[in-house]
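Here is the structure we will look at.
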Amino acid sequence: MDREHASAAFRSRRSADHLRAAYQATATAPPAAMRAYGQRLPASARRHHVTTIHTALPHLADRLQAEPGWDALAAVLDQAERAGHDTTALLAKAAAQRQLDSADSISDVLVWRLQHLGYVTPPASAPRPQRPRAAPSPVPAAAVIAHQAENRPRRR
């Protein structure tokens, strides 16, 4: 049984590594834009967000500020506050969704969770998806009927 457990744990870790690599490969532009946004925040705003983190997550505050994702977290908190949300409550809600102990970067996880809660969006400087092309003009009904008649199997 120990061998099976060790094998399952290995497969689980390997899957998590693959998922983490896939996320990092596909999500590099928005996190980079969020970090840049956070780095441009005035010192007073950054201090305010540090206070928010100390209030909502006192046991994680020092670690969060030391992580490379801190700037992106500050940006998300800034956006949420500008939208009129209680950032302390949002941060606590995001942290409570699931455990954070196994995360390589708690700040990145919190940024992702806050964005997926729907309270914040990527900054204006983040690349936006292209607009869908206009729908093709509808084919006149007479042309559709004629095409169907031409392609109908003939009975002999």
| said: Set out, in order, the CA-CA distance, both residues' side-chain angles and the distance that settles side-chain contact (heavy atoms from CB on, under 4.5 Å) for Ile106 and Leu73, then state yes or no. | reply: CA-CA 10 Å; Ile106 294 174; Leu73 182 57; over 6 Å; no
| task | Would you please test Arg113 and Leu100 for side-chain contact (heavy atoms from CB on, under 4.5 Å) and show each step? | result | CA-CA 11 Å; Arg113 288 180 186 177; Leu100 292 166; 3.4 Å; yes
| field | Full working for side-chain contact (heavy atoms from CB on, under 4.5 Å) between His49 and Trp70 | value | CA-CA 10 Å; His49 299 311; Trp70 157 244; 4.2 Å; yes
| query | Given Leu64 and Val50, is the side-chain contact (heavy atoms from CB on, under 4.5 Å) satisfied, shown in steps? | reply | CA-CA 9 Å; Leu64 288 169; Val50 166; over 6 Å; no
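Within the model, atoms OG1 of Thr87 and CD1 of Ile53 stand 9.0 Å from one another, a figure rounded to the nearest 0.5 Å. The structure places CD of Glu67 at 8.5 Å from CG of Leu60, a figure rounded to the nearest 0.5 Å. For the atom pair CD (Gln39) and CE (Met34), the distance works out to 12.0 Å, reported to the nearest 0.5 Å. The distance from the CG atom of Leu91 to the NZ atom of Lys93 is 12.5 Å, given to the nearest 0.5 Å.
Residues that satisfy the salt bridge (Lys or Arg N to Asp or Glu O under 4.0 Å) test with Arg46, not counting sequence neighbours, are Asp71.
Annotation: side chain of Asp108 is not in contact with side chain of Trp112 (no heavy-atom distance under 4.5 Å).
The main-chain N or O of Ser44 is never found under 3.5 Å from a side-chain atom of His48 such that the two would form a donor-acceptor pair. Under a 3.5 Å cut-off, the side chain of Arg35 and the backbone N or O of Ala75 do not form any donor-acceptor pair. Between the side chain of Thr55 and the main chain of Thr51, a donor-acceptor pair closer than 3.5 Å is present. Formation of a donor-acceptor pair under 3.5 Å by the Gln99 side chain with backbone atoms of Asp101 is found in this model. Of the possible polar contacts, none joining the Glu81 side chain to the Gly84 backbone as a donor-acceptor pair under 3.5 Å is found.
Nearest heavy-atom pair across Ala92 and Ala56 is N-CB, 4.3 Å. Residues Asp78 and Ala45 share a closest heavy-atom pair of OD1-CB, 4.3 Å. Closest approach of Ala74 and Leu41 over heavy atoms only: O-CD1, 3.7 Å. The shortest heavy-atom contact between Ala72 and Val111 is C-CG2, 3.7 Å. The minimum heavy-atom distance linking Leu90 with Leu114 is given by the pair O-CD2, 3.6 Å.
Side-chain polar atoms of His54 and Gln65 form a donor-acceptor pair below 3.5 angstrom. Donor-acceptor pairing under 3.5 Å is lacking for the side chains of Arg3 and Ser7.
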